[in-house]
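Single-structure report; data block below.
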Amino acid sequence: MSRPRPDNLMLRRTVRDHRAVLQQAMRAHQADDLDTAERLYREVLDLHAAQPDALHYLGVLCHQRGRSDEAVDLIRTALRITPRHPDAHNNLGNIHKECDRPAEAEACYRRALECGPGHHNALGNLAVVLELQSRLDEAFEAYGSLLQKAPDDARGHYLMGLFLRSHAQHMEHLEQAAGCFGRAFELDPRNLRALEALGVTLYALKRRDEARGVYRDWLEREPDNPVPRHMLAACGGAEAPPRAADDYVRELFDGFADSFDEQLLKNLDYRAPQVLVDALGGILAAPAAALDVLDAGCGTGLCAPLLRPYARQLVGVDLSGGMVEKARARGGYDVLEVAELTGYLQARHEAWDLVVSADTLVYFGELQEALAATRNALCPGGWLGFTLEALDEDADRAELTPSGRYRHTRRYVERVLAAAGFDDVRIAADTLRREAGQAVAGWVVLAQRPGRGMPADDGDAA
């Protein structure tokens, strides 16, 4: 038996080396140490430029860091080397979906299923993008197929519950959704979003004692968890706080960050950012990139492309670090910060020409302190624009609802804006979203800090 030639020994050593480095990179990636993971993936590719796993996972990482075009190129390169890799097709689909390219995402998920018919994650993702494209019958069929093929898949039951609740046409659909959420939590007790969705759905079904029971049982198991504590109050099982606690908001949105845009986009009637910026367009001068703008409660950055034409500087602030990371990946901001909104505004005097807050103050029952802080942060003549959920009655009050959000009456909003020192208040009624198949009524509110102002159009108050 002949001894291996030196060049063969070198090749074997190189293969061993790059495999070891690849394993280190994957461990760093799983631990969310993205700097180390990226460096190691690139080391692998220096050793073996056509290593498909390194190309694939580096692509996933680049997307996480907001470099989605580079991510697509890397995964497509990997797929030219291993064209029947279902995970790579699925992840490429995820990137297209999160970049708002549902047709391209659909093609990737279908290819993943051709390569791996048992790839249940790809089937669930296919159902989601079909729903995004308003192909509801096809989406329902895909969700049903997922549950038939993987009856113990907790994610599948949760997604089906969301679909049924979002498109409910009668109470039976909500009953079915409640069953899906209950089964999802039974299969995966870590899925607290399913438990929260169950409580909200039970309340919508007027099964209020059961909803409160869900949150009480949850709170007994996790007494330090702010989510069941807040939601129990929202269902009338405890005294309502004046605003949602910071730990509740942080826990809610950090856990929701990865699927936030997907859930909003699935509900195609979600309109708050566009409606709010359209209203501002009626009172601001034509966009000229001349204003210092704060996106107060920026979330994943849905307002950024709408505000960017007005902004010389666009700053986003949010309490949820997970949401801010998504906004950073989306791009469009000059600065992004993680902070509690009222304190952040109180620390900045006459810093902005425009403060915009889409669906953030719905987590405040008492608005006085936040609005006074906003006035302090606006330059004289600056404008505030925000949305609220509407409590349509002739009273001066706010209430916490079973969704965990607050509703406010027009009279309450007018009073607290006047007390905070705003004038030229304009309040218009509009539908900002749909929930459980029903329109959610809202207020679109504009108000100005008195003083020397920006050029503005003369619009009539609503």
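Bear in mind that the values here come from a model prediction, so they are computed numbers and not experimental data. Side chains included, hydrogens not; waters and symmetry mates left out as well; all remaining heavy atoms used.
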**Message:** Please tell me whether Y143 and Y158 form a close aromatic pair, meaning their ring centres lie under 6.0 Å apart.
**Reply:**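 For Y143 and Y158, the ring centres are not under 6.0 Å apart.
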**Request:** Tell me whether the centres of the aromatic rings in F185 and H157 are closer together than 6.0 Å.
**Result:**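 No, too far apart.
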Residues [X] and [Y] bridged, charged N to O under 4.0 Å:
| X | Y | answer |
| --- | --- | --- |
| D100 | R330 | no |
| R155 | D153 | no |
| R135 | E106 | yes |
| R27 | D33 | no |
| D394 | R410 | no |
| R42 | E38 | yes |
| E414 | R411 | no |

**Request:** For R67 and D69, run salt bridge (charged side-chain N to carboxylate O under 4.0 Å, His left out): C-alpha distance rounded to whole Å, both residues' side-chain angles, the deciding distance at 0.1 Å, then the answer.
**Result:** CA-CA 6 Å; R67 302 185 334 247; D69 290 343; over 6 Å; no
**Worked check of side chain to side chain contact (heavy atoms under 4.5 Å, CB included) between L136 and F163** = CA-CA 9 Å; L136 301 185; F163 178 87; 4.1 Å; yes
**Asked** Is there side-chain contact between R190 and L192, with heavy atoms separated by less than 4.5 Å?
**Response**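 Result no, sub-4.5 Å side-chain heavy-atom pair not found.
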**Note, N94 side chain near H63 side chain (heavy atom, < 4.5 Å)** =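 With C-beta onward as the side chain, the pair stays apart.
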Over 12 foreign heavy atoms within 6.0 Å of [atom1], [X]:
| X | atom1 | value |
| --- | --- | --- |
| D73 | CG | yes |
| D392 | CG | no |
| E369 | CD | no |

**Item:** Residue pair N90, N125: steps toward the side chain to side chain contact (heavy atoms under 4.5 Å, CB included) verdict
**Value:** CA-CA 8 Å; N90 183 62; N125 291 334; 3.0 Å; yes
**Prompt:** After noting the C-alpha distance and the side-chain angles of Y406 and E389, does the key distance pass the side-chain hydrogen bond (donor to acceptor under 3.5 Å, both in side chains) rule?
**Reply:** CA-CA 7 Å; Y406 294 83; E389 293 190 7; over 6 Å; no
**Request:** Mind running side chain to side chain contact (heavy atoms under 4.5 Å, CB included) on L378 and W383 for me, showing each step along the way?
**Result:** CA-CA 7 Å; L378 280 168; W383 282 91; 5.9 Å; no
**Message:** Could you check whether R308 makes a cation-pi contact with Y310, meaning its NZ or CZ is under 6.0 Å from the centre of the six-membered ring and within 45° of the ring axis?
**Reply:**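 Here R308 fails the 6.0 Å and 45° test against Y310.
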**Asked** When you measure from the centre of the six-membered ring of Y412, is the NZ or CZ of R397 under 6.0 Å away and within 45° of the axis?
**Response**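 Verdict for Y412: no cation-pi partner in R397.
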**Asked** So R111 and E104, salt bridge (charged side-chain N to carboxylate O under 4.0 Å, His left out) or not? Walk me through it.
**Response** CA-CA 11 Å; R111 182 63 177 149; E104 291 91 333; over 6 Å; no
**Request:** State, without any angle test, whether H29 and Y41 hold a side-chain donor-acceptor pair at a distance under 3.5 Å.
**Result:**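 Yes, because at least one side-chain N or O of H29 sits under 3.5 Å from a partner of the opposite role on Y41.
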**Request:** Say whether, by atom type as modelled, one donor and one acceptor occur between the side chain of T409 and the main chain of E393 under 3.5 angstrom.
**Result:**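 Answer holds: no.
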**Main-chain N/O of V362 paired with R405 side-chain donor or acceptor, under 3.5 Å** =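 Side chain of R405 to backbone of V362, a donor-acceptor pair under 3.5 Å: no, none is there.
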**Request:** Walk me through it: do D246 and R243 pass the test salt bridge (charged side-chain N to carboxylate O under 4.0 Å, His left out)?
**Result:** CA-CA 9 Å; D246 289 352; R243 53 157 289 188; 2.7 Å; yes
**Item:** Set of residues satisfying salt bridge (Lys or Arg N to Asp or Glu O under 4.0 Å) with respect to D217, sequence neighbours excluded
**Value:**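 By the salt bridge (Lys or Arg N to Asp or Glu O under 4.0 Å) rule, D217 matches no residue at all.
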**Check against salt bridge (charged side-chain N to carboxylate O under 4.0 Å, His left out), D35 and R65** = CA-CA 10 Å; D35 289 337; R65 307 196 104 172; 2.3 Å; yes
